[in-house]
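Here is the structure we will look at.
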Amino acid sequence: QVQLVESGGGLVQTGGSLRLSCVVSRGTFSSYTMGWFRQAPGKEREFVAGISRSGGITNYADFVKGRFTISKNNTKTTVNLQMNSLKPDATAVYYCVADREPMPISKGYAYDYWGQGTQVTVSS
């Protein structure tokens, strides 16, 4: 069973940066498309970013384009999400996801494996 463990969440001021990391264990990391979703209180879960198995294809939600960057390190079995210019509406629990799908699509049902989540809070 694949396990995903997120880290890097915390409290940051508006305009600040955070780097989320997700370590994958018990699986062949290079065979997984990875991604990040988030869920704010009272809101539906939404796609943030995704990266293909090889790392060559990325997909971003429109609201993060140009500010967030997803990357994948197959040697360290880690996927990172660099978040810059953060706004208060980014406050949410961020979840790392993985699946053997070839492409980083934005639908949550496409991902079989989910981490426990890490809290990100952006103060105004």
Side-chain angles (χ1 to χ4, degrees):
Q1 181 73 10
V2 174
Q3 289 189 337
L4 311 177
V5 179
E6 305 97 333
S7 63
L11 174 64
V12 65
Q13 292 184 334
T14 296
S17 298
L18 281 175
R19 184 178 177 86
L20 304 184
S21 294
C22 173
V23 177
V24 181
S25 60
R26 299 185 184 178
T28 304
F29 183 75
S30 59
S31 66
Y32 292 105
T33 284
M34 306 292 300
W36 291 90
F37 282 74
R38 71 185 186 186
Q39 187 165 22
K43 296 187 177 180
E44 293 186 354
R45 181 181 63 195
E46 60 183 357
F47 173 78
V48 177
I51 188 166
S52 63
R53 291 179 291 198
S54 67
I57 298 172
T58 56
N59 184 19
Y60 294 95
D62 287 342
F63 57 80
V64 303
K65 285 181 179 178
R67 299 186 297 117
F68 290 14
T69 303
I70 189 170
S71 60
K72 192 171 185 269
N73 187 322
N74 284 340
T75 300
K76 296 183 178 180
T77 67
T78 300
V79 60
N80 298 306
L81 183 68
Q82 178 67 41
M83 306 187 295
N84 299 326
S85 302
L86 283 164
K87 306 173 184 178
D89 61 5
T91 296
V93 176
Y94 285 70
Y95 297 93
C96 177
V97 297
D99 198 82
R100 290 187 176 88
E101 286 284 338
M103 298 296 290
I105 66 175
S106 62
K107 305 300 183 183
Y109 60 71
Y111 296 89
D112 284 340
Y113 305 105
W114 292 71
Q116 292 299 307
T118 185
Q119 177 70 47
V120 170
T121 303
V122 184
S123 64
S124 57

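Small disclaimer: the values here were computed from a predicted structure and weren't measured.
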(request) Determine, step by step, whether W114 and C96 satisfy the side chain to side chain contact (heavy atoms under 4.5 Å, CB included) criterion, reporting the C-alpha distance in whole Å, the side-chain angles of both residues, the deciding distance to 0.1 Å, and the verdict. (result) CA-CA 6 Å; W114 292 71; C96 177; over 6 Å; no
(request) Evaluate the criterion side chain to side chain contact (heavy atoms under 4.5 Å, CB included) for residue pair V120 and M83; output intermediate values, then yes/no. (result) CA-CA 10 Å; V120 170; M83 306 187 295; 3.9 Å; yes
(request) List the steps, then state whether side chain to side chain contact (heavy atoms under 4.5 Å, CB included) holds for N59 with M103. (result) CA-CA 9 Å; N59 184 19; M103 298 296 290; over 6 Å; no
(request) Under the side chain to side chain contact (heavy atoms under 4.5 Å, CB included) rule, what do Q119 and T91 come out as? Steps first, then yes or no, please. (result) CA-CA 8 Å; Q119 177 70 47; T91 296; 4.0 Å; yes
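Q39 and A92 get closest at one heavy-atom pair: O-CB, 3.4 Å. Minimum heavy-atom separation, V48 to Y94: CG2-CE2, 4.2 Å. In terms of heavy atoms, A49 sits closest to L81 at CB-CD1, 4.1 Å. When every heavy atom of P102 is checked against every heavy atom of S52, the shortest pair comes out as O-CB, 3.8 Å. The two residues M34 and C22 have their closest heavy-atom pair at CE-SG, 4.4 Å. The nearest pair of heavy atoms linking A61 to F47 is CB-O, 3.4 Å.
No donor-acceptor pair closer than 3.5 Å links the side chain of S85 to the backbone N or O of R67. A donor-acceptor distance shorter than 3.5 angstrom exists from the side chain of E6 to the backbone of Q116, with no hydrogens or angles considered. With hydrogens and angles disregarded, a donor-acceptor distance shorter than 3.5 Å links the side chain of D99 to the backbone of D112. In this structure, R26 contributes its side chain and Q3 its backbone to no donor-acceptor pair below 3.5 Å. Side-chain atoms of Y60 come within 3.5 Å of backbone atoms of I70 as a donor-acceptor pair (strictly under, hydrogens ignored). Judged by distance alone, the side chain of Y95 and the main-chain N or O of G35 form no donor-acceptor pair under 3.5 Å.
The closest side-chain heavy-atom distance from Y32 to R100 is below 4.5 Å. Between F68 and L86 the shortest side-chain heavy-atom distance falls below 4.5 Å. Counting heavy atoms from C-beta on, the side chains of Q1 and Y113 come closer than 4.5 Å.
Atoms NZ and OG1, on K65 and T58 in that order, are 9.5 Å from each other to the nearest 0.5 Å. Taken to the nearest 0.5 Å, the CD atom of Q13 stands 13.0 Å off from the OG1 atom of T121.
No continuous path of ILVMFWY side-chain contacts below 4.5 Å connects V79 to V97, so the two sit in separate hydrophobic clusters. I105 and L4 fall into different hydrophobic clusters, defined by Ile, Leu, Val, Met, Phe, Trp and Tyr side-chain heavy atoms under 4.5 Å apart, directly or through other members. Linking ILVMFWY residues whenever their side-chain heavy atoms come closer than 4.5 Å, directly or via other members, places V12 and F63 in the same cluster. At a threshold of 4.5 Å between side-chain heavy atoms, the hydrophobic network of Ile, Leu, Val, Met, Phe, Trp and Tyr places V64 and F37 in two separate groups.
Test T75, V24, V2, T78 against F29 for side chain to side chain contact (heavy atoms under 4.5 Å, CB included) and you get one pass: V24.
Side-chain contact annotation: N80 with Q82, donor-acceptor N/O pair under 3.5 Å absent.
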